[in-house]
Amino acid sequence: MSEEVKAQHEELDHRIRLCRGRGDQLGEAAARAQKAQLHSKAGHWMEGGQELHWAARLAYDAGQVGLHGQYLYGKGLLLSYAGPTLREETYASLRKGAAAARVGGNLPIAHKALRRLVELHEQDGDYAAAGRASGELCASLEGQGPSTELVDLLIERARLLRQACRAAGQLEPREALSDLSAAVGIAERLDDHRRMARSRLLRRIYAGLLGEAELQPFFGLLVKQDQVLIGGMPLKRAVLAMRVDEPEVALREAADERRTSLSSGDPIRYLASCLMMAEAQEMMGDRVGTLETLLTCKATLQDHVGPIAAQPARDMLEALRKRWGEEVVQEALTQYRARVSPG
């Protein structure tokens, strides 16, 4: 510890004694919060968390519920950096901090605490708990009216529920569909074309996992009142071609869109173009081509964006197994491997 930092700690310790002597609980809490900041800068997460623990108690005793929640959130945040050994105390601090901040009218802090809970539960592989925390956050934001943030959170919660189903050995993410339906509705009210297209596509993919009998074609989901929601001219021409039952033309145009989206680094356009290609190939009876498109989509998004972005392509492949049957999928896979294997 440098002499300067040591002097800062001593000054704050002196202030804490003065505040305690005159019964100034909020003053002492503020000084302890400042000490926590010093510990945080030095990477002393547990020491900082302890200071905020006392600050939270002082704020509670002073009747400042919102501030009590803020200090509990700060404690949980610092402890979350200390590693998995303090997870239970971390979770408890963040949960109590979110609840107190909400009661005290400090919604920004409540939302930060819930977001951190979602992140930690997902890191620990507890997708069900992450989904519950995300649901609390969505419910709080719903009270503030439609927003792009709420659309993104509903899509995120649907993904977490899907992961929870997968972890439990279940294929069908029924709860996620209601979140995606809500996301579609809010995006439409906001007239946010990109989020509208994304939530529509994801809902259709999940419906495929459920084996719904009547599935709306992907090209229809990319249109609102004859306006294509995302993408460039090739995707627009692909949509028009699918409308008039010309899958060969649609495949060519969607492939052009896929190349453009790769160079622009737009994962939503890339996913949409791949889904259009796969839909056109399946309409043409090219099951091997359909499989190749989705496998390429999954690998590309995995490599260039990350596993979360690649999840829709993985779900589409699972939906194919449900629709085609395992024997047909395996036969198409065998043919695909023969096509791409050297020699």
Side-chain angles (χ1 to χ4, degrees), residues 115 118-119 122-123 125 127 130 148-149 151-163 166-167 173 176 180 183 187 192-206 208-209 218-219 221-222 228-239 250-282 286 288-321 329 332-333 336-337 339-342:
R115 284 192 184 90
V118 172
E119 292 171 359
E122 184 171 12
Q123 284 177 21
Y127 299 107
T148 56
E149 183 182 12
V151 175
D152 292 341
L153 280 168
L154 286 165
I155 292 173
E156 177 69 6
R157 182 170 183 267
R159 181 185 65 80
L160 291 169
L161 291 172
R162 170 74 183 102
Q163 290 289 86
R166 183 187 293 274
L180 290 172
D192 188 322
H193 289 184
R194 183 177 176 80
R195 286 179 171 83
M196 198 187 310
R198 183 185 180 199
S199 51
R200 282 180 171 185
L201 291 174
L202 290 174
R203 194 196 182 287
R204 164 62 174 77
I205 290 170
Y206 283 25
L209 284 172
F218 283 111
F219 72 84
L221 300 173
L222 295 173
V228 179
L229 299 175
I230 57 172
M233 284 306 300
L235 193 60
K236 293 175 172 61
R237 289 192 291 265
V239 168
L251 177 60
R252 184 173 64 249
E253 296 292 350
D256 284 346
E257 181 71 27
R258 184 173 69 170
R259 283 188 289 272
T260 303
S261 62
L262 266 178
S263 60
S264 65
D266 187 335
I268 302 302
R269 279 179 66 186
Y270 181 79
L271 175 65
S273 59
C274 288
L275 293 175
M276 284 284 293
M277 288 177 64
E279 192 163 61
Q281 287 165 314
E282 190 170 5
D286 183 3
V288 178
T290 302
L291 204 59
E292 181 177 10
T293 294
L294 292 175
L295 287 169
T296 301
C297 179
K298 176 175 74 79
T300 301
L301 290 173
Q302 173 89 27
D303 292 344
H304 294 278
V305 186
I308 291 176
Q311 187 60 52
R314 284 194 291 271
D315 287 335
M316 277 297 296
L317 289 164
E318 286 192 25
L320 283 186
R321 284 189 165 86
V329 169
L333 271 173
Y336 164 70
R337 291 176 183 131
R339 177 188 293 183
V340 299
S341 62

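All figures in this text were calculated on a predicted structure; none of them were measured in a lab.
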For S261, is there any backbone N or O sitting under 3.5 Å from a side-chain donor or acceptor partner on R269?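 No.
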With sequence neighbours left out, what residues match [X] under side chain to side chain donor-acceptor pair (under 3.5 Å)?
{"X": "R252", "result": "none"}
{"X": "R198", "result": "none"}
{"X": "T293", "result": "Q281"}
{"X": "Q311", "result": "R314, D315"}

Counterpart residues, side chain to side chain contact (heavy atoms under 4.5 Å, CB included), relative to [X] (two or more places apart):
{"X": "R259", "value": "A255, D256"}
{"X": "H304", "value": "T300"}
{"X": "R237", "value": "M233, P234, E253"}

Taking the side chain as C-beta and beyond, is there a heavy-atom pair between [X] and [Y] under 4.5 Å?
{"X": "L295", "Y": "L333", "value": "yes"}
{"X": "D266", "Y": "T260", "value": "no"}
{"X": "I205", "Y": "L275", "value": "yes"}

What distance do [X] atom [atom1] and [Y] atom [atom2] have between them, rounded to the nearest 0.5 Å?
{"X": "I268", "Y": "S273", "atom1": "CD1", "atom2": "OG", "result": "11.0 Å"}
{"X": "I230", "Y": "K236", "atom1": "CD1", "atom2": "NZ", "result": "9.0 Å"}
{"X": "L294", "Y": "Y336", "atom1": "CG", "atom2": "OH", "result": "10.5 Å"}
{"X": "L201", "Y": "L222", "atom1": "CG", "atom2": "CG", "result": "5.0 Å"}

Residue pair [X] / [Y]: nearest heavy atoms and the distance that separates them:
{"X": "V239", "Y": "F219", "result": "CG1-O, 3.9 Å"}
{"X": "P312", "Y": "L202", "result": "CG-CD2, 3.6 Å"}
{"X": "A309", "Y": "L301", "result": "O-CD1, 3.4 Å"}
{"X": "F218", "Y": "M276", "result": "C-SD, 4.5 Å"}
{"X": "V329", "Y": "L320", "result": "CG2-O, 3.9 Å"}
{"X": "L235", "Y": "A272", "result": "CD2-CB, 4.4 Å"}

Solution key, residues 152-160 side-chain donor-acceptor pairs under 3.5 Å, sequence neighbours excluded:
unit_1, atom_1, unit_2, atom_2, d
D152, OD1, R195, NE, 2.8
D152, OD2, R195, NE, 3.4
D152, OD2, R195, NH2, 3.0
E156, OE1, R159, NE, 3.3
E156, OE2, R159, NH2, 2.4
R157, NE, G131, O, 3.2
R157, NH1, D179, OD1, 3.2
R157, NH1, D179, OD2, 2.5
R159, NH1, E122, OE2, 2.9
R159, NH2, E122, OE1, 3.2
R159, NH2, E122, OE2, 2.9

| message | Show every salt bridge (charged side-chain N to carboxylate O under 4.0 Å, His left out) that has at least one partner inside residues 295-313, sequence neighbours left out. | response |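 Sorted result for residues 295-313: empty, none.
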Listed partners of [X] passing salt bridge (Lys or Arg N to Asp or Glu O under 4.0 Å), at least two apart:
{"X": "E292", "result": "R339"}
{"X": "R258", "result": "none"}
{"X": "R204", "result": "none"}

